[in-house]
Amino acid sequence: MAIKKFVVGSFDDEAVLFPAVKKVRKAGYKIHDVYTPFPIHGLDQVMGLRDTSLHTAGFIYGITGTATALSFMGWVFTRDWPLNIGGKPNFPLPAFIPITFELTVLFSAVGMVLTFCYLCQLAPFVKKHHFHERATDDLFVMVLECTSRTNEEDAKAFLASVGAKEINVQVAEADWWLGRYDKDEKLFENKAEKSLA
Amino acid sequence: MASLRYESQVREPLVTGTKTYHDVTQDIVRPIEMKPSFLWKVGFTISVLLLLFGVYSVYREVVYGIGEWNLNKTIGWGWDITNFVWWVGIGHAGTLISAILLLFRQGWRTGVNRAAEAMTIFAVMCAGQFPIFHMGRVWMAFFVLPYPNTRGPLWVNFSSPLLWDVFAISTYFTVSLLFWYSGLLPDIATVRDRAREKWRKHMYGVLSFGWTGSTKHWQRHEALSLVLAGLSTPLVLSVHTIVSFDFATSVIPGWHTTIFPPYFVAGAIFSGFAMVQTLLIITRKVLNLEDYITMEHIEVMNKVIVLTGSIVGVAYITELFISWYGQNVYEMAAFQNRWDLSTPYGWSYWLMMGCNVLAPQFFWFRKLRRNLLFTFFMSIIVNVGMWFERFVIIVTSVYRDYIPSSWSTYYAPTIWEVGFYLGTFGLFFTCFFLFAKYFPVIAIAEIKHILKKNGESFKENMVEEERATPEKFAHEHAH
Amino acid sequence: MSFREQFEIPAKYKMWSMILMAVGLVSILIGYFLYGAGDEHQNARFWGVLLYNSVYFLLVVNAAMFFICATTLAMGGWQLSFRRVSEAISVAVIPIGIISFVILIALVLGHQHHIYHWLTPGDDKLILGKKAFLNPTFFIVWTVLTIAGWILLGARMRKISAELDERGPLTKEEGKRYVYKTTVWGSLYLVWFALTVASTVPWLWFMSIDAHWYSTMYSWYTFASSFVAGIALMTLFVIYLKNHGYLELVNQEHLHDLGKFMFAFSIFWTYLWFSQFMLIWYANIPEETVYFKHRVQGPYRGIFFLNLIINFLAPLLILMRRSSKRNYTLLVFMSVLILFGHWIDFYQMVIGSISKDHVELNLFDFGVAAGFIGLIMWSAGNALTKRSLVVKNHPFLKESIIHHT
C-alpha cells in the first residue's frame with residue numbers, strides 16, 4: 001500500500017505512443033505503467049519490460065500433471081489394488097495415455113491461469129486505481145510516477161510535447177485493495193495529501 | 001517496435017465501415033446497456049420453458065429409472081448417448097476457432113471466437129447431462145471420481161474409455177471456461193468502465209477482477225492466451241478422440257475401427273461450425289453486428305464446413321469400403337444394416353450421407369457460400385445430419401446383435417427421452433440468451449487489435465504500400 | 001534492396017547430387033546381384049527396398065505440392081517468400097513418380113507374390129473376396145491415374161505461379177481473380193489428393209502387402225508420416241538457399257513457422273499412430289494384432305521404439321522451445337532426423353510386412369535412399385534455376401515480407 005503522485009498523459013493513437021514512450025524513458029522519467037485497451041505488440045519491449053516466464057511455469061505445471069497421473073494410476077493398479085482388466089498388464093501404458101494427457105493439460109491450464117491471476121493481482125472484488133476510464137475504450141494512458149526529483153510541470157509539458165492529448169496529475173494508491181466499483185473510495189486521502197504536501 | 005499494419009488489398013476487410021476504436025466499443029457494448037428487446041424476452045421465455053420440460057423429463061427418469069426411456073435389450077445406448085456425442089461435437093468449434101485458428105493466425109476468428117467459445121461451454125454443459133443421467137442412479141454419480149472410497153478401497157477403472165471420458169469432458173469444460181473467461185476479462189472491464197448504473201458497475205467490477213489494461217498484464221495475457229491455445233489444440237482433438245474410443249475400443253462390428261478418432265474430430269468440427277453459423281446469423285442480425293461478423297466471416301466458415309464435410313465423407317467411404325475389404329462377415333453385416341435401405345434403419349444412413357457429405361458440396365459455389373438464407377438452411381441440415389451420424393453409429397450397430405432372437409423390435413424414443421433432449425436445447429439457449437444479453441458477444445479488444453490492419457477504412461489507406469515494388473517494400477518494412 | 005532471383009547451382013551441390021544418384025544406381029545394381037537373383041525371400045527384399053524407398057520419396061516430394069495447395073486454400077500469405085522452393089521440390093514428383101510407377105508395375109507384372117500375396121490368391125477365400133480391388137488391372141490403372149494426376153495438377157499449379165512472372169504488378173481486381181484461379185486448381189489437386197494419398201493409394205500399394213490385414217486409419221497415417229517429412233525437406237532447402245545468400249525475404253519468422261509445422265505434425269502423426277496402435281492393442285482381435293505382433297514383440301521391437309523416439313519424443317522435446325525453432329542449426333538437425341525417422345517408419349511398414357522373421361537393414365537400404373535424395377537434389381535444383389526465386393507479383397507477397405510470429 002502506497003499512495004503516490006502520478007502525472008498522467010493520454011494518447012489517442014498507438015503510433016504516437018511508441019515514440020513517446022521512447023522519448024519519455026530517454027528523458028529519464030519513471031514510467032509507472034501504460035494502460036491500453038488492447039494488447040500492443042512490442043510495447044513491452046519499448047518500455048523495457050522483462051519477457052514473461054509464464055510459459056515456463058505452464059511447462060512445469062504440465063509435467064507435474066503427467067507425473068501425477070502416471071504415478072497415481074500406476075500405484076493404484078500395481079500396488080494398491082491390482083486388477084486383471086482384459087488380460088492386460090497391470091501397468092497398461094497405452095490405456096493410461098488418455099488420462100495422463102488430460103491431466104497434463106488440466107494442470108498446466110489451471111496452474112497457468114492461477115499464476116496469471118496471482119502475478120497480475122486479478123480476482124473478484126479486487127479494485128485498483130484507474131487513471132482514465134477510457135483506458136479500456138480508446139485511449140492509451142501513460143502514467144509517470146513522480147519521484148522526489150520530478151518536477152510536475154516539466155513532466156506535463158514534456159508529455160504534451162510528445163503528443164499526449166489529456167494531461168493531469170493524480171494522487172492515488174498504486175497497489176490494489178478490496179473494494180467495489182460502484183463506490184468511489186478515497187483511500188487515506190487526507191493522510192496522503194498531508195504527507196505529500 | 002510497432003510494425004506495419006498491412007495486409008493485401010485482395011483480402012476482404014474483416015471490419016466494414018469507417019470505425020474508430022470508440023465505435024467498436026460502442027457497437028458491441030450497446031446491446032448490453034439497452035433494455036432487453038421483445039424478441040429477446042420471447043426467446044428467453046421459450047428457452048426457459050423448454051428447460052423446465054427437460055427438468056421434468058429428467059425428474060421422471062430419475063424417479064422411475066431408465067425404463068422411462070425406450071432403451072431395450074440390445075439398444076442400451078439410444079437417444080441419450082446420441083445426444084451426448086452430438087452436443088460434445090458441437091462443443092468443438094469454439095475452441096477450434098479460438099485456439100487452432102489463433103495458432104494459424106486466421107484474423108477472421110476475432111469476429112466469431114467469443115460467441116463460439118460461449119457456445120462451446122454451453123454445449124459441453126448440455127452434453128454432460130446425458131452420461132450422468134444415463135447412469136440411472138444419478139445420486140451415485142460420484143462413483144466415477146477416483147477417491148479412496150469405503151469399498152475396499154476399490155478404485156475406478158483407469159483403463160475404461162468411459163472413465164477417460166469423465167476426465168476428458170471435465171478437463172475440456174474447465175480449460176474452455178478458463179480460456180473463454182480470461183479472454184473476457186478485458187472486455188468486461190470495458191463494460192464496467194462505461195457503466196453508469198450502480199449495480200452494473202458493481203457487477204462488472206466484480207467480474208472484471210480489477211482489470212486495468214496495464215502493459216505488463218497484457219504481456220502476460222498474451223502469453224497465457226497463446227499457451228492456452230497451444231494446450232487447447234491437442235485437447236480439442238483429444239476430447240472427441242476419447243469419445244470415439246468409447247465405441248472403437250469395443251469389439252462391436254461397426255464400432256471397432258481405427259479411423260474413428262480423427263473422423264470423429266472432423267465431424268465434431270463440422271457440426272460445431274454449423275451450429276456457430278446458426279447462432280451467429282441470428283445474433284449478427286438481432287444485435288446489428290453486421291460490420292463485425294461480415295459476409296466474409298460467413299463465407300470462410302462455409303469453406304470450413306465444405307472441407308470438414310468432405311473429410312467426413314472420405315471417412316464414411318473408407319469405413320464402408322474397408323468393411324467390405326476386410327471380408328469379415330460381421331463387419332459386412334453391420335454395414336449392410338446401414339446402407340441397405342430395406343433394413344429398418346437404412347433410411348437414417350442415407351439421411352446422414354445426404355446431409356453431411358452431399359449437401360455441403362453446394363458450398364463449392366461462392367454464390368451459395370455468401371447467401372445468408374441458404375447458409376442458415378444448410379447449418380440446420382448439417383446439424384440434423386450430424387445427429388443422425390451418431391444415431392447411425394449407435395443404433396444400427398447394436399440393434400441386431402449376434403443372436404437373431406434378440407434382434408430387437410424397432411427402437412423409438414419415448415416422450416421423456418425426447419423431452420430430455422429438448423430440455424438441453426432449453427439449457428443451451430437459456431445460457432446463450434443470457435450470454436448475448438450480459439456479455440460482449442464479440443471480443444472487443446481483439447477487434448481493436450486487428451482494426452487498423454483489417455478494417456475497411458484503414459485498408460483503403462494502404463494504397464501506397466500496395467503500389468510499392470516488393471524491393472522497395474522489403475527495404476522499408478522488412479525486419 | 002534487390003533480390004537475387006536467379007539460382008545458380010553451386011558446383012558442390014551438382015557434384016553431390018550426381019554422386020548420390022550414382023550411389024543409388026550402384027546400390028540397385030549390387031542389390032540386384034545380391035538379392036534380386038537370389039531365392040524368393042531375397043528377391044522380395046530387393047523389391048521391397050525399392051518399393052518403400054520410391055514411394056516414400058514420392059510422397060515426400062508430393063507433400064510439397066500438398067503444402068502449396070493447402071496454404072493456397074487457406075489464403076496463407078506467409079509462405080510466399082519461399083513458394084518457389086516448394087514448387088521446385090514438387091517438380092521431383094515427375095522423375096520419382098515415373099520410377100515408382102515402373103517399380104510398382106514391375107512388382108505386379110513380375111508376379112512378386114512375396115510382396116503382393118494377392119497376386120496369387122490360390123483358394124484363399126478372404127483374398128478372393130477382395131478381388132474387385134486387389135487385381136493387377138485395377139492396380140495398374142489406378143496407379144497410372146494417381147501419379148498422372150499428381151504430375152499434371154502439380155504442373156498446372158506451377159504454371160499458374162510462373163505466369164505471374166510474365167505479368168506486371170496486379171491490380172486489386174486482377175489479384176482477386178488470380179487468387180480465385182489458384183484456389184480452384186488447388187482444390188482440384190486436394191480432391192485428387194484426398195482420393196489417392198488420403199484413401200486408396202496407401203491401401204493399394206502398402207496395406208495390401210498384408211493382404212488379410214486391414215486398418216481404416218492406414219491411409220491417413222501414411223499421409224501424416226509423409227507430410228511431416230515433406231515439411232522437413234522444404235525446411236532443408238529453404239535453409240540451404242538462405243545460407244547461400246538467396247531468399248532474402250525469408251527470415252527467422254518463416255523458419256519459425258516451418259518449425260511449428262514440423263512440431264505440430266509430428267504430434268499429429270503421433271496422435272494417428274497412437275489411435276491406430278491403441279485401438280488394435282485394446283481390442284486385441286487376432287486378425288488385427290497380427291500386424292503389430294512381430295513389430296512390438298518380435299524382431300522389429302527396436303525399430304518400433306526407435307520410430308517413436310525419433311518421430312515423437314525428439315520433435316516434442318526439441319522443437320517445443322521457441323528458440324529452437326529459430327535456430328538454423330537445430331532446425332537442420334531436426335529436419336534430417338524427421339526425414340530419417342519417417343523413412344524408418346516406411347521401412348517398417350513395408351519390410352516389416354514382407355520379412356516378418358528377421359530384420360535386415362543395411363547399406364543397400366541406405367544406398368537406394370541416397371539415390372533418391374540425389375534425384376530430389378538434382379531435379380529440385382534444376383527446377384530452381386528455371387524461375388525467379390521470388391514470386392514478385394503475387395498479391396500476398398508483401399504479407400510474407402512483414403510476416404512475424
Side-chain angles (χ1 to χ4, degrees), chain A residues 14-15 18 33-47 49 52 54-55 58 73 76-77 80-81 83 85-86 88 92 95-96 98-99 101-103 105-106 108-110 112-113 116-117 119-128 130 133-138 176 180-182, chain B residues 1-3 20-22 25 146 152-155 157-159 161 163-164 167-168 171 174-175 178-179 182 185-186 189-190 192-194 198-199 201-202 204-224 227-228 231 234-235 238 242 245 445-446 448-449:
Chain A
E14 66 269 36
F18 267 93
D33 212 334
V34 179
Y35 299 94
T36 59
F38 57 89
I40 298 180
H41 288 169
L43 185 60
D44 48 345
Q45 282 151 352
V46 176
M47 280 171 65
L49 297 179
T52 174
L54 207 57
H55 325 80
M73 291 188 290
V76 166
F77 273 4
D80 194 49
W81 193 290
L83 269 181
I85 295 162
K88 299 283 194 286
F96 284 172
I99 291 182
F101 173 77
E102 297 300 327
L103 286 194
V105 171
L106 186 69
S108 180
V110 172
M112 272 186 76
V113 170
F116 167 75
C117 287
L119 290 175
C120 301
Q121 300 107 36
L122 297 172
F125 298 101
V126 159
K127 192 173 175 184
K128 290 166 192 162
H130 293 262
E133 65 171 13
R134 271 167 65 198
T136 53
D137 181 3
D138 59 346
W176 62 275
R180 297 172 57 134
Y181 272 89
D182 53 336
Chain B
M1 206 33 236
S3 50
T20 62
Y21 290 137
H22 184 64
T25 314
L154 181 61
W155 296 92
N157 180 2
F158 294 110
S159 296
L163 190 77
W164 303 346
F167 278 87
T171 300
T174 314
V175 175
L178 293 176
F179 197 12
S182 62
L185 280 179
T190 304
R192 174 198 70 203
D193 290 344
R194 283 171 54 94
K198 275 196 151 187
W199 69 268
K201 237 183 160 52
H202 180 47
Y204 289 100
V206 173
L207 291 175
S208 73
F209 287 20
W211 177 267
T212 54
S214 151
T215 307
K216 185 72 196 173
H217 294 185
W218 274 122
Q219 183 204 41
R220 294 194 184 113
H221 191 266
E222 290 267 276
L224 179 74
V227 179
L228 283 183
L231 288 170
L235 179 65
S238 82
I242 288 175
F245 286 163
E446 292 192 42
K448 286 176 187 163
H449 185 62

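Numbers restart at 1 for each chain; the letters A, B, ... are given by sequence-line order, proteins then strands. Source: prediction; values computed, not measured. Values reported hereafter were calculated over all heavy atoms of this structure, with side chains retained and with hydrogens, waters and symmetry mates removed.
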Using a cut-off of under 4.5 Å for heavy-atom pairs, which of [options] has the most such pairs with chain B?
| options | value |
| --- | --- |
| A/Met112, A/His130, A/Glu133 | A/His130 |
| A/Val126, A/Asp44, A/Leu54 | A/Asp44 |
| A/Gly58, A/Gly86, A/Ala135, A/Ser108 | A/Ser108 |
| A/Asp80, A/Ile99, A/Val105, A/Thr52 | A/Ile99 |
| A/Leu49, A/Leu83, A/Ile85, A/Val76 | A/Val76 |

Candidate list B/Thr171, B/Val175, B/Leu178, test side-chain contact (heavy atoms from CB on, under 4.5 Å), partner A/Val110, passing option = B/Leu178
Would you call B/Tyr21 and A/Pro37 a side-chain contact if the rule is heavy atoms closer than 4.5 Å?
-> no
Using a 4.5 angstrom heavy-atom cutoff, name the option from [options] with the most pairs to chain A.
| options | answer |
| --- | --- |
| B/Asn157, B/Leu185, B/Leu163 | B/Asn157 |
| B/Trp164, B/Tyr204, B/Phe179 | B/Trp164 |
| B/Ser182, B/Ser208, B/Ala168 | B/Ala168 |

Using atom types as modelled and distance alone, determine if a side-chain donor or acceptor of [X] lies under 3.5 Å from a backbone N or O of [Y].
| X | Y | answer |
| --- | --- | --- |
| B/Trp155 | A/Trp81 | no |
| B/Trp199 | A/Asp182 | no |
| B/Lys448 | A/Asp137 | yes |
| A/His55 | B/Val227 | no |

Kindly compute the distance separating OG1 (B/Thr215) from CE (A/Met47), expressed to the nearest 0.5 Å.
-> 4.0 Å
Atom pair NE2/NE2 of B/His449 and A/His41 - distance to nearest 0.5 Å = 4.0 Å
Checking heavy atoms, do the side chain of [X], its backbone, both or neither come under 4.5 Å from chain A?
| X | value |
| --- | --- |
| B/Leu224 | both |
| B/Ile242 | side chain |
| B/Arg220 | both |
| B/Glu222 | side chain |
| B/Pro161 | neither |

Taking all atoms of both residues into account, what is the closest heavy-atom pair of [X] and [Y], and its distance?
| X | Y | result |
| --- | --- | --- |
| A/Phe77 | B/Ser159 | CE2-OG, 3.9 Å |
| B/Ala445 | A/Phe38 | O-CB, 3.3 Å |
| B/Ala189 | A/Thr136 | O-OG1, 3.8 Å |
| A/Tyr181 | B/Gly205 | CD1-CA, 3.3 Å |
| B/His217 | A/Phe116 | O-CE1, 3.9 Å |

Chain B contact via A/Phe96 - side chain, backbone, both or neither, heavy atoms under 4.5 Å | side chain
Honestly, the part of A/Pro92 sitting under 4.5 Å from a heavy atom of chain B is side chain
Given B/Asp193 and A/Arg134, is the side-chain contact (heavy atoms from CB on, under 4.5 Å) satisfied, shown in steps?
-> CA-CA 7 Å; B/Asp193 290 344; A/Arg134 271 167 65 198; over 6 Å; no
I would like to know whether A/Glu102 and B/Leu235 meet side-chain contact (heavy atoms from CB on, under 4.5 Å); could you show each step before the answer?
-> CA-CA 7 Å; A/Glu102 297 300 327; B/Leu235 179 65; 3.1 Å; yes
Applying side-chain contact (heavy atoms from CB on, under 4.5 Å), run through B/Trp218 and A/Ile40 and close with a yes or a no.
-> CA-CA 8 Å; B/Trp218 274 122; A/Ile40 298 180; over 6 Å; no
